[in-house]
Number of protein chains: 2
Amino acid sequence: MNLNTRQRRAILDVLEIADHPLSPQEIYDGVGHYGESVNMSTVYRSLSALVKREILEEVKLPGEPSRYEFSGKGHHHHFRCRKCNRVLVIEKCAADVNSMVPPGYIVEDHDLFIYGLCSECSP
Amino acid sequence: MNLNTRQRRAILDVLEIADHPLSPQEIYDGVGHYGESVNMSTVYRSLSALVKREILEEVKLPGEPSRYEFSGKGHHHHFRCRKCNRVLVIEKCAADVNSMVPPGYIVEDHDLFIYGLCSECSP
DNA sequence: TTAACTGCAAACCCTTTGCACGGTG
DNA sequence: CACCGTGCAAAGGGTTTGCAGTTAA
């Protein structure tokens, strides 16, 4: 895979500068802010290629479009700010998931989403 | 709102018998299993009317269609079985969400999804 | 009767795909 | 030349909506 096309560099730059997971639309808009342009199909195709190569990871969210972030962060969760709408990374995990499931269940994985106001948006 | 149409009775019956949150498609299929039929638009329209009246609640899931469940359960979470694909209710919550967020963040709410095998599907 | 509900088909949004063109080695 | 990557337009899947006909009170 060639990362060194104008479009893929722009996509990765936008993700790096934002420093938080972005949706395809946010990436598309972000590239636009640089005065560059990328076709939305290219955004989608690049994102799935980058996920396949494990350079990025898809963050699936309940009821809204996925965000994409750089992989290699280890176990973490996400915070969704209801004012600025950004999705931010939460590094801690204080969920004792095994104690939550009824007997007989096997826990393989979990996702946790926290909603509220981020530090930039809280009064 | 009139709950006493053939279609809405069927939708609510299917939800009640299933005893776990269902997607619009699962409801549609469930009604079909009774030898009855409901148009998919009617399923969607009935579900949103029932959510608006707070008879049902929408369970938004990451990366897949919402499920619908009876409201009034209080705070709870969901388990998604990777074998039978059912979404099941988890009544406990052992997540200390407030301790997870960085200083300055305000926590309003959270969603937790556990993935694995339910008791009927585990070996 | 009349207000609400339903079926059908079309529209919608987000995402994926087919195809022909473009850039690079 | 051979290959991927790209843009465009069309197609998909899930969900919503407009409209005309139907049903419940």
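Chain letters run A, B, ... following the sequence lines, proteins first and then strands; every chain starts at 1.
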Evaluate whether atom CD of B:Glu108 has more than 12 neighbouring non-hydrogen atoms of other residues, nucleotides or ligands under 6.0 angstrom away. yes
For the NZ atom on A:Lys52, are there more than 12 heavy atoms of other groups (residues, nucleotides or ligands in this structure) within a distance under 6.0 Å? no
Can you classify the ring geometry of B:His110 versus B:His77 as parallel (below 30°), tilted (30 to 60°) or perpendicular (above 60°)? tilted
Starting at [atom1] of [X] and ending at [atom2] of [N], how long is that distance when rounded to a whole Å?
X: A:Arg53; N: D:dG5; atom1: CZ; atom2: P; value: 8 Å
X: B:Gln7; N: C:dC5; atom1: CD; atom2: P; value: 11 Å
X: A:Tyr28; N: C:dC14; atom1: OH; atom2: C1'; value: 14 Å
X: A:Lys60; N: D:dG14; atom1: NZ; atom2: P; value: 14 Å
X: B:Tyr44; N: C:dA11; atom1: OH; atom2: P; value: 19 Å
X: B:Asn39; N: C:dC5; atom1: CG; atom2: P; value: 16 Å
X: B:Leu47; N: D:dG14; atom1: CG; atom2: P; value: 15 Å
X: B:Met40; N: C:dA11; atom1: CE; atom2: P; value: 20 Å

Given D:dT6, is OP1 or OP2 found less than 4.0 Å from the side-chain N or O atoms of A:Arg8? yes
Does a nitrogen or oxygen in the side chain of A:Arg45 sit under 4.0 Å from OP1 or OP2 of C:dT17? no
If you find the nucleotide of DNA chain D closest to A:Ser46 and the one closest to B:Arg6, which residue's nucleotide is nearer the 5' end? A:Ser46
Taking for B:Thr5 and for B:Pro24 the nucleotide of DNA chain D with the nearest heavy atom, the one nearer the 5' end belongs to B:Pro24
Check the side chains of B:Gln7 and B:Thr42 for a donor-acceptor pair under 3.5 angstrom, ignoring hydrogens and angles. no
Proximal nucleotide (of D:dG7, D:dA25, D:dG5) relative to the A:Asn2 side chain: D:dG5
Here the pair of heavy atoms bringing A:Pro65 nearest to A:Leu61 is O-CD1, 3.9 Å
Give a yes or no on whether a donor-acceptor pair under 3.5 Å exists between the nucleobase atoms of C:dT17, that is its base, and the side chain of A:Ser41. yes
Sugar-phosphate only, base, or nothing, as touched by A:Met1 at under 4.0 Å among non-hydrogen atoms: sugar-phosphate
Applying a 4.0 Å non-hydrogen cut-off, can you work out what A:Ser48 is touching in the nucleic acid: base, sugar-phosphate, or nothing? nothing
